[in-house]
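Here the structure comes first, spelled out in structure tokens, and everything after it is commentary.
As the structure is a prediction and not an experimental result, all values here were calculated from the model. Numbered from 1 within each chain, the chains take letters A, B, ... in sequence-line order.
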Protein chains: 2
Amino acid sequence: MNIGQAASASGVSAKMIRYYEQVGLIASPSRTEAGYRDYSSDEVHMLRFIRRARDLGFSVEQMTSLLALWSDRSRASSDVKRFAMTHVAELERKMRALRAMAETLRHLAKTCHGDERPNCPIIEELSSGHEAAAPKPRRAASRRYGAH
Amino acid sequence: MNIGQAASASGVSAKMIRYYEQVGLIASPSRTEAGYRDYSSDEVHMLRFIRRARDLGFSVEQMTSLLALWSDRSRASSDVKRFAMTHVAELERKMRALRAMAETLRHLAKTCHGDERPNCPIIEELSSGHEAAAPKPRRAASRRYGAH
DNA sequence: ATAGAGCTTCCAGTGACTGGAAGGTCAAGC
DNA sequence: GCTTGACCTTCCAGTCACTGGAAGCTCTAT
């Protein structure tokens with residue numbers, strides 16, 4: 001199976017597959033004589049695993065750990081559960097931060113007439129308002145919501 | 001006021017102030033003879049505006065628009081409101097995506113015994129499970145939750 | 001006079017990609 | 001057998017919003 005076929009079979013784009021190989025998430029597959037990557041069904045299976053993990057918001061680093069947990073037949077299910085719940089906590093923290101922002105802005109917008117006049121409580125709040133909306137999230141990938 | 005004082009007065013770090021200047025969000029302030037940046041109280045006011053906007057999750061590009069709306073005394077409040085509500089929709093979309101991920105993972109974790117045995121429904125789901133958890137969010141800054 | 005805090009510029013790295021250039025390979029149709 | 005075009009290869013650059021750090025200059029206090 002070449003990379004294009006592996007991509008459509010797994011739902012991970014060819015570009016991303018190469019990227020995951022480059023950063024060491026997956027091993028280099030064997031090559032055809034022409035130098036094309038050649039994927040086994042096990043490798044495609046792993047790519048599908050990766051796509052599902054990614055869809056649940058796991059980072060590449062976390063996926064490395066997940067793959068290790070997957071292949072370690074002797075690890076306890078509590079190891080996996082702990083790992084998952086740590087991630088859930090992080091997701092929920094970010095979620096709450098986004099919700100707080102949305103709510104603050106929504107409340108502000110509700111008090112704005114939204115007509116042709118310039119007077120606007122949203123701008124006024126930004127200009128001289130109270131302090132922030134949210135407990136902020138933290139994540140390496142997004143410094144914006146980063147730091148402790 | 002030098003950059004350190006402007007930073008503590010506004011809550012935007014000196015590093016970020018320089019960055020915002022570099023990317024054109026704010027104008028270059030005047031300089032002292034020694035070459036130090038010198039901020040007026042209007043400029044510090046603008047930095048506070050920026051910090052509040054950032055705390056509501058606006059991107060640098062969006063903040064450029066917000067600053068324009070702020071300084072345009074003739075724009076209608078409906079312009080601001082529309083801008084804000086578009087952002088609210090985006091925040092809520094991302095929020096729902098995170099919530100869907102968290103819920104999926106939480107449910108999965110609930111069915112996991114979390115004991116010393118290796119059998120684990122979380123890993124099994126990733127390995128051969130159903131499709132994704134979420135309507136995905138989109139944002140330039142975070143390709144991970146990006147694309148249409 | 002000197003120490004050290006704070007300022008300056010500039011460069012590099014972060015995470016998870018995406019886009020594109022330049023060039024090699026493969027399968028199908030003529 | 002040749003051409004076409006879809007697909008593969010590598011490599012480099014850009015995205016976003018920062019952060020860290022080096023090298024060197026300035027200011028303030030002792």
Side-chain angles (χ1 to χ4, degrees), chain A residues 1-9 11-26 28-39 47 50-51 53-66 87 90 94 97 136-148, chain B residues 1-9 11-26 28-39 47 50-51 53-64 66 90 94 97 136-148:
Chain A
M1 227 185 206
N2 70 24
I3 201 169
Q5 294 165 326
S8 36
V12 181
S13 74
K15 271 271 185 201
M16 283 174 59
I17 295 174
R18 287 192 205 100
Y19 169 73
Y20 289 150
E21 182 186 330
Q22 190 194 311
V23 299
L25 178 61
I26 55 180
S28 313
S30 58
R31 300 275 183 147
T32 65
E33 283 193 16
Y36 282 26
R37 285 172 181 79
D38 190 26
Y39 294 91
L47 287 171
I50 285 169
R51 187 181 50 72
R54 196 202 54 185
D55 288 346
L56 289 173
F58 287 101
S59 69
V60 167
E61 194 185 354
Q62 288 172 320
M63 289 193 286
T64 304
S65 304
L66 282 174
H87 184 52
E90 182 64 17
K94 286 196 235 167
K136 303 250 224 83
R138 102 184 78 129
R139 174 170 248 193
S142 176
R143 288 277 167 62
R144 176 62 169 284
Y145 307 119
H148 292 266
Chain B
M1 226 184 204
N2 69 25
I3 200 169
Q5 295 165 324
S8 37
V12 181
S13 74
K15 271 273 186 198
M16 283 174 60
I17 294 174
R18 287 192 205 100
Y19 168 73
Y20 288 150
E21 183 186 328
Q22 191 194 310
V23 299
L25 178 61
I26 55 180
S28 312
S30 58
R31 301 276 183 145
T32 64
E33 281 192 17
Y36 281 26
R37 286 173 181 79
D38 189 26
Y39 294 92
L47 287 171
I50 284 168
R51 187 183 51 73
R54 197 203 52 186
D55 287 347
L56 289 172
F58 287 101
S59 69
V60 168
E61 193 185 354
Q62 289 173 319
M63 288 193 285
T64 304
L66 281 174
E90 182 63 17
K94 286 195 233 168
K136 303 252 223 78
R138 101 183 80 129
R139 176 171 245 198
S142 177
R143 286 279 166 62
R144 178 60 170 287
Y145 307 119
H148 292 267

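With sequence neighbours left out, Ser13(B) forms a side chain to side chain contact (heavy atoms under 4.5 Å, CB included) with Lys15(B), Met16(B). Residues passing the side chain to side chain contact (heavy atoms under 4.5 Å, CB included) test with Gln5(A) are Met1(A), Asn2(A), sequence neighbours excluded. Tyr36(B) meets the side chain to side chain contact (heavy atoms under 4.5 Å, CB included) test with Thr32(B), Ala34(B); sequence neighbours excluded.
An OP1 or OP2 oxygen of dA17(D) is reached within less than 4.0 angstrom by no side-chain nitrogen or oxygen of Tyr20(B).
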Anything under 3.5 Å between a protein N or O and an N or O of nucleotides 22-26 of chain C, put it in a table, one pair a line.
residue, atom, partner, partner atom, Å
dG24(C), N2, Tyr36(A), OH, 2.9
dT25(C), O4', Tyr36(A), OH, 3.3

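Atom CZ of Arg51(A) is separated from atom P of dA16(C) by 18 Å (rounded to the nearest Å). To the nearest angstrom, C1' of dC8(D) lies 13 Å from CG of Asp38(A). Across the protein-nucleic acid pair, Ile50(A) atom CD1 and dG15(C) atom C1' stand 16 Å apart, rounded to whole Å. The separation between Lys15(A) atom NZ and dA13(D) atom P is 14 Å, rounded to whole Å. Rounded to whole Å, the distance from CD on Gln5(A) to P on dA27(C) is 10 Å. At whole-Å resolution of the value, CD in Gln22(A) and P in dG15(C) are 13 Å apart. A straight line from CZ of Arg18(A) to C1' of dT9(D) spans 7 Å, rounded to a whole angstrom. The separation between Leu25(A) atom CG and dA16(C) atom P is 10 Å, rounded to whole Å.
When distances run from any side-chain atom of Val60(A) to the nucleotides dA16(C), dT8(C), dT9(D), the shortest one goes to dA16(C). Side-chain atoms of Tyr19(B) lie closest to dA17(D) of the nucleotides dA17(D), dC17(C), dT9(D). For Arg37(B), the listed nucleotide lying nearest its side chain is dT8(C); candidates were dT8(C), dC17(C), dT9(D).
With the nearest nucleotide of DNA chain C identified for both Glu61(A) and Asn2(B), Asn2(B) has the one nearer the 5' end.
Closest of all the heavy-atom pairs between Pro29(A) and Asp38(A) is CB-O, 3.6 Å. Residues Leu25(A) and Ile50(A) approach most closely at CD2-CD1, 3.8 Å, considering heavy atoms.
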For Lys94(A) and Lys94(B), run side chain to side chain contact (heavy atoms under 4.5 Å, CB included): C-alpha distance rounded to whole Å, both residues' side-chain angles, the deciding distance at 0.1 Å, then the answer.
-> CA-CA 10 Å; Lys94(A) 286 196 235 167; Lys94(B) 286 195 233 168; over 6 Å; no

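For the pair His87(A) (side chain) and Leu56(A) (backbone), a donor-acceptor distance under 3.5 Å is present.
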